[in-house]
Protein chains: 2
Amino acid sequence: MNTVENRLIMTKTKNTKLSASLEDYIEAIFNLAGKDKTVRSTDIAKRLKVSKASVTGALRLLKERKLVNYKPYGLVTLTSPGRKAAADVARKHNILKSFMVNLLYVDLDTAQEAACRAEHTLGSDVIGKILAFIEFVTTGSRNGYDVAKEFKKFCKNKNIKTKMNA
Amino acid sequence: MNTVENRLIMTKTKNTKLSASLEDYIEAIFNLAGKDKTVRSTDIAKRLKVSKASVTGALRLLKERKLVNYKPYGLVTLTSPGRKAAADVARKHNILKSFMVNLLYVDLDTAQEAACRAEHTLGSDVIGKILAFIEFVTTGSRNGYDVAKEFKKFCKNKNIKTKMNA
DNA sequence: CATTATAGTTAGTTACGCCTAACTTTGTCA
DNA sequence: TGACAAAGTTAGGCGTAACTAACTATAATG
């Protein structure tokens, strides 16, 4: 539907979910802010390997949604809801990475990239379950049965390598 | 680079990876073909909940890549490489779904949708590991320790429900 | 403090993926 | 067999997300 009213609603603030790409931007800002406190446009561009112009565009959109404090030619900071949203994405990322590296024995680089892509597609329900599973496996009281370790053995026996076909 | 030569190369076949959306289309064709043998444009449109015009567009692109046999106003079939590509996507889908439903106890609908989205983002390496993990857990010789069942108990104790926040 | 390099923005383009509306083709049946 | 409905296509438009090229602002240094 492309009615006038709809377009007004859409352009005003847009309370819809963030796109994968905008999630990437806030996550990048979040991580950069954690490192060296001040975040500039170029830092984001470098990290995400996009042009500076793309960053400007994204920052405008994020500002519209009140997720970043942004003023042309100024430093970038996250607003409080922005930080919350970013932390959520980063959290998904870390849970997925941990799951892949520590339980599935996927190699770090592959896991890193896969987590980057999957973090946008899995809802909190699935992520929650994965987190619970990590916790379950990690918890000592498996009456002596270490799932991760046993799985590693299993893979070795079956000749399942870290890097696979395709 | 938008040189004339480049554009020629691009329009000729485009050997790059399929987009998520094109993967959805071949997967849909694959599944429909399995069910009632002949596949028409409308079937695809209904299944993917897109317009018939979008299907036409996708079929043109898939034909360019020689993944479907397609002729305006004709039936749609997969070529041999198309079938291979489709089967691969479907396989990922099933592995992910099985993992979520049978191990993580994610409810079926959520798993179905999450698998749909994640199947495009996870490489064969990660999928292979997940498959191995399913096999590992399913295999009887866990010296009496049923990982899935124990995890279910664990969730119950921790009050982790299928449907979670956000 | 003027110049200049760097950071950042704006404008304009391309590609993709969807949409609707209007047209064409196909097949069916009276 | 010819008219009509259903199936399918074409044309045109919108939003997103990237890009390059060219402009502007900021900062840093002699």
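Each chain gets a letter, A, B and so on, in the order the sequences are listed, and its residues count up from 1. All values derive from a computational prediction rather than experimental measurement.
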Please tell me if [X] has a side-chain N or O lying less than 4.0 Å from either OP1 or OP2 of [N].
X: A:T56; N: C:dT9; result: yes
X: B:Y73; N: D:dA6; result: no
X: B:Y25; N: C:dC16; result: no
X: B:T42; N: D:dA7; result: no

Side-chain donor or acceptor of B:D88 paired with backbone N/O of B:K84 under 3.5 Å: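 Not confirmed, B:D88 side chain does not pair with B:K84 backbone.
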5' priority, DNA chain D, between A:P72 and A:S19 [closest heavy atom]: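 The residue whose closest nucleotide sits nearer the 5' end is A:S19.
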Quick check for you: among [options], whose closest atom lies nearest to any side-chain atom of [X]?
X: A:A53; options: C:dC18, D:dA21, D:dT10; result: D:dA21
X: A:R60; options: D:dT9, C:dT10, C:dG8; result: C:dT10
X: A:V50; options: D:dT9, D:dA17, D:dA18; result: D:dA18

What nucleic acid atoms does [X] come within less than 4.0 Å of, heavy atoms only: base, sugar-phosphate, or nothing?
X: B:A58; answer: nothing
X: A:K46; answer: nothing
X: B:S51; answer: base
X: B:S21; answer: sugar-phosphate

Length of the [atom1]-[atom2] vector between [X] and [N], whole Å:
X: A:K71; N: C:dT10; atom1: NZ; atom2: P; answer: 14 Å
X: B:K52; N: D:dT9; atom1: NZ; atom2: P; answer: 9 Å
X: B:D43; N: D:dA6; atom1: CG; atom2: P; answer: 16 Å
X: B:R40; N: C:dT26; atom1: CZ; atom2: P; answer: 15 Å
X: A:R65; N: D:dG15; atom1: CZ; atom2: P; answer: 13 Å
X: A:I44; N: C:dA7; atom1: CD1; atom2: P; answer: 14 Å
X: B:L61; N: C:dG17; atom1: CG; atom2: C1'; answer: 10 Å
X: A:H120; N: D:dA17; atom1: NE2; atom2: P; answer: 11 Å

B:S124 and B:K92, any side-chain heavy atoms less than 4.5 Å apart: yes
Between B:S21 and B:D24, a side-chain donor and acceptor under 3.5 Å: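 No, no side-chain donor-acceptor contact under 3.5 Å.
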Residue pair B:R40, B:D43: steps toward the salt bridge (Lys or Arg N to Asp or Glu O under 4.0 Å) verdict: CA-CA 5 Å; B:R40 290 164 314 155; B:D43 304 328; 3.0 Å; yes
Output field: ring centroids B:F30/B:Y25 closer than 6.0 Å: no
